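Structure first, then comments.
Quantities reported herein were computed from a predicted structural model and do not represent experimental measurements.
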Amino acid sequence: MTVRTTGRWRGIVAVALFFVAVGVLTDRPATLLVGVVGAGLAVYPRLSRPPTVALELERRLGERRPASGEPVTVTTRVTNTGDRTLADCRVIDGVPAMLSVATGSPRHAAVLGPGETTEFSYDVETEPGRHQFDPATVIARDVTGAHEVETTVAAGTEIQCADAVPELPVREQPDGHAGRLVTDDGGSGIEFHSVREYRPGDPIGRIDSKRWARTGELTTVEFREERPTSVLLLVDARPPAYRAEADGRPNAVAHCLAGVEQLVSALSDTRDSVGLAAFGRELCFRAPGVGTDHETELWQLLATHPAFDATPPSRVRTGGGTSGDGSDADLDRQATLLRKHLGNDTQIVVLSPLADERIVEAIRTLAAAGHATTVISPDVTSEGSLGQRLARRERSMRLRALRGADVPVVDWDPETPLGTVLLSEQRRRWSA
Amino acid sequence: MVRVSISHRPTPLASALALLLCGVSTAILAPTLDQRLAIVTALAGVGLIAVRGRDLEAPIPQGRLWTGLGAALVLGSMLWGETLADPRQRIELVPGLVGMALVGLGVRPLRQRFARRFVSAGLAAMVVGVALVGVFEAASPLRLLAATAAAIGAWDVAEHGISLGEQLRTDAGTRPVELLHTGATSAYGAVTVVVALVVYEHGATGLPLSALVLLLAAAVTLMALLYR
């Protein structure tokens, strides 16, 4: 909750002084008197205090589990639970970053007496995945407009749209325990690999009984070993990544976060260890692990950690750009910390729009350090102006550079669901 | 996906009320029928500019036509005011019309960043008009007080509309808030006018000079303290 003075009445004192001066200089008492009106209006903001805000928010959804693409009507009701009238109460509802408003407006202003409720509704277009509504921002002013109180009101609302990622294809890697990754090493498993001579101590169940019955030779069947993998999902949430295709569209970090949520859902259904990390405002790192507690921790991180915020940091919003040096040093520091904490056998899946060169370098360093790295990159470039076409060319050059360094890159057009894109990639390339 | 451009412009109701208050302020200063006709014409012109200027998607000749017509009406009224025979009528009318035009430009807005500056400039013009009338005409206090209160009210309502537009955008429902704010400011302005008149009637003119100077010094100190 921040309490501010808006300072909008400041100029009126000058008006009053002006009239007093004119009245004195020209000896006109009537004009001098006008200064009194000016002074009276200058005192007006002092007569009121900042409002006390006690509000309750309730949201009703037309359809809790809509089909993708169907618009959902959201009706928000705000109730004044305090005992004073709020003369100028402005509510800005926290629409999830990935959803666009189709009709109506999520913003509303009302005069709320004690106990009064105001209601407004709007339609949102749905996207696949689970979307949490952010707390609504409320800006309340007193009747003079001189004092402003800004606060947030929360009501946990969620829209869940059918998840579209059935399975995350994982890459080959060497490791120890049984899991989902079917490797090329012989051992215990399901799929046939090879046959070798029997050694004392081999499990009886793996003796090839048909051969023994036919030739009397004892041989052991080797199956392709199945191992679990350790996957770290790394989100690029640095200021240069907060790019969007156009004003009002979700930015690339919002797309990456939506993708990460779908991947965490998909991976939690398997026995693979999943970890979460982010480069951005702060380094976030949760080492890969399994189990429901770990999964809950990951969801909590996604919901609360400041690095996973889909709204751009204020210096991006106001400055319109990013300072070069500060964020470079940050990225180096965060990448070094990440490498220190990662185990040797963790795969990394990076979600980044590849908006600048620094992240490409960081990815190549991670890949060179021995981690099997994959990149999923939402394409938020467009073909409008010359600058936009240049950005698109630069991005495709970065993709090519990464693919040349043996890092597979999935070029994801945000219009198509992530699941479809990954399945087609799997069919095309990753037949591990 | 439908691409909707959402406007940050000042909300329409507050803008309309502000322009109306500008007209009222100028009309209080300018009592003759001719002048009031000029005020109404200028108000219509400014209204055209402010409304049509919001229509960004209009094709060039059509959109510019209405703005041109509005500008012609406003400038025509100002020029007519300048050519009035009686200089007193001129100073009553022209600064008020200039102020109205500036507030209209601020409310349209001509440039989003300078919206508040245009509106403040409009208030300054109207204030100068009131001061000129007070000096050259020795007008009655009621006219001056009411005109000033209306001018400051117009400025306040316009700025309120600008801040609502910035925070909530024009497609949000904001009517009750604007009406309450306008009503509150107008009521308070009326109260200060009445208080000032009562003070005046009860013999402020008969005070000796030294008392007046002391009163003045007290008032200036108070206002300097209020400036924060």
(request) Pick one of side chain, backbone, both or neither for A:L47, based on which atoms fall under 4.5 Å of a heavy atom in chain B. (result) side chain
(message) Does B:F136, at its CZ atom, have more than 12 non-hydrogen atoms belonging to other residues, nucleotides or ligands within less than 6.0 Å?
(response) no
(request) May I ask you to name which of B:V193, B:V191, B:L180, B:T174 has the most heavy-atom pairs under 4.5 Å with chain A? (result) B:L180
(request) Give the ring-plane orientation class for B:Y188 versus A:Y44, where under 30° counts as parallel, over 60° as perpendicular and anything between as tilted. (result) parallel
(request) Report yes or no: does A:R107 contribute a side-chain atom to a donor-acceptor pair with the main-chain N or O of B:Q167 at less than 3.5 Å? (result) yes
(request) Tell me, for B:I152 versus chain A, whether the close heavy atoms (under 4.5 Å) come from the side chain, the backbone, both or neither. (result) side chain
(message) Is there a side-chain contact between B:V127 and A:F19 in this structure, where contact means two heavy atoms from C-beta onward sitting under 4.5 Å apart?
(response) yes
(request) Tell me, for A:T137 versus chain B, whether the close heavy atoms (under 4.5 Å) come from the side chain, the backbone, both or neither. (result) neither
(request) Measure distances from B:S163 to the heavy atoms of chain A and classify the residue's part below 4.5 Å as side chain, backbone, both or neither. (result) both
(request) Go through A:A30, A:A109, A:G104, A:G23 and name the one with the most non-hydrogen pairs under 4.5 angstrom from chain B. (result) A:A109
(message) Need one label for B:L164: side chain, backbone, both or neither, based on atoms under 4.5 Å from any heavy atom in chain A.
(response) both
(request) Search all heavy atoms of B:A196 against all heavy atoms of A:V36 and return the closest pair with its distance. (result) CB-CG1, 4.1 Å
(message) Which heavy atom of A:L41 sits nearest to which heavy atom of B:T192, and what is that distance?
(response) N-CG2, 4.4 Å
(request) Kindly check if the number of other-residue, nucleotide or ligand heavy atoms within 6.0 Å of CZ (B:R117) is above 12? (result) no
(request) Name the region of A:V91, side chain, backbone, both or neither, that has any atom closer than 4.5 Å to a heavy atom of chain B. (result) backbone
(request) Please check if the side chain of B:H181 supplies one atom and the backbone of A:V143 the other of a donor-acceptor pair under 3.5 Å. (result) yes
(request) Before giving the answer on side chain to side chain contact (heavy atoms under 4.5 Å, CB included), spell out for B:D156 and A:R8 the whole-Å C-alpha distance, their side-chain angles and the decisive distance to 0.1 Å. (result) CA-CA 8 Å; B:D156 175 51; A:R8 58 195 293 268; 2.7 Å; yes
(request) Mind checking the CZ-CD spacing from A:R28 to B:E137? Nearest 0.5 Å is all I need. (result) 10.0 Å
(request) Quick one: closest heavy-atom pair of B:A131 and A:F18, and the distance? (result) CB-CE2, 3.7 Å
(request) Tell me, out of A:P45, A:A110, A:S105, A:A21, who's got the most heavy-atom pairs with chain B below 4.5 Å. (result) A:S105
(message) For a quick test of reading the model, state the closest non-hydrogen atom pair linking B:P141 to A:L33 and the distance between them.
(response) CB-CD2, 4.0 Å
(request) Count the heavy atoms of every other residue, nucleotide or ligand shown that sit under 6.0 Å from CZ of A:R59, and state whether that count exceeds 12. (result) yes
(message) With chain A as the partner, which of B:G189, B:G173, B:A147, B:G153 has the greatest number of non-hydrogen pairs under 4.5 Å?
(response) B:G173
(message) Quick check on the interface: out of A:T26, A:D88, A:V15, A:V22, who has the most heavy-atom pairs with chain B under 4.5 Å?
(response) A:D88
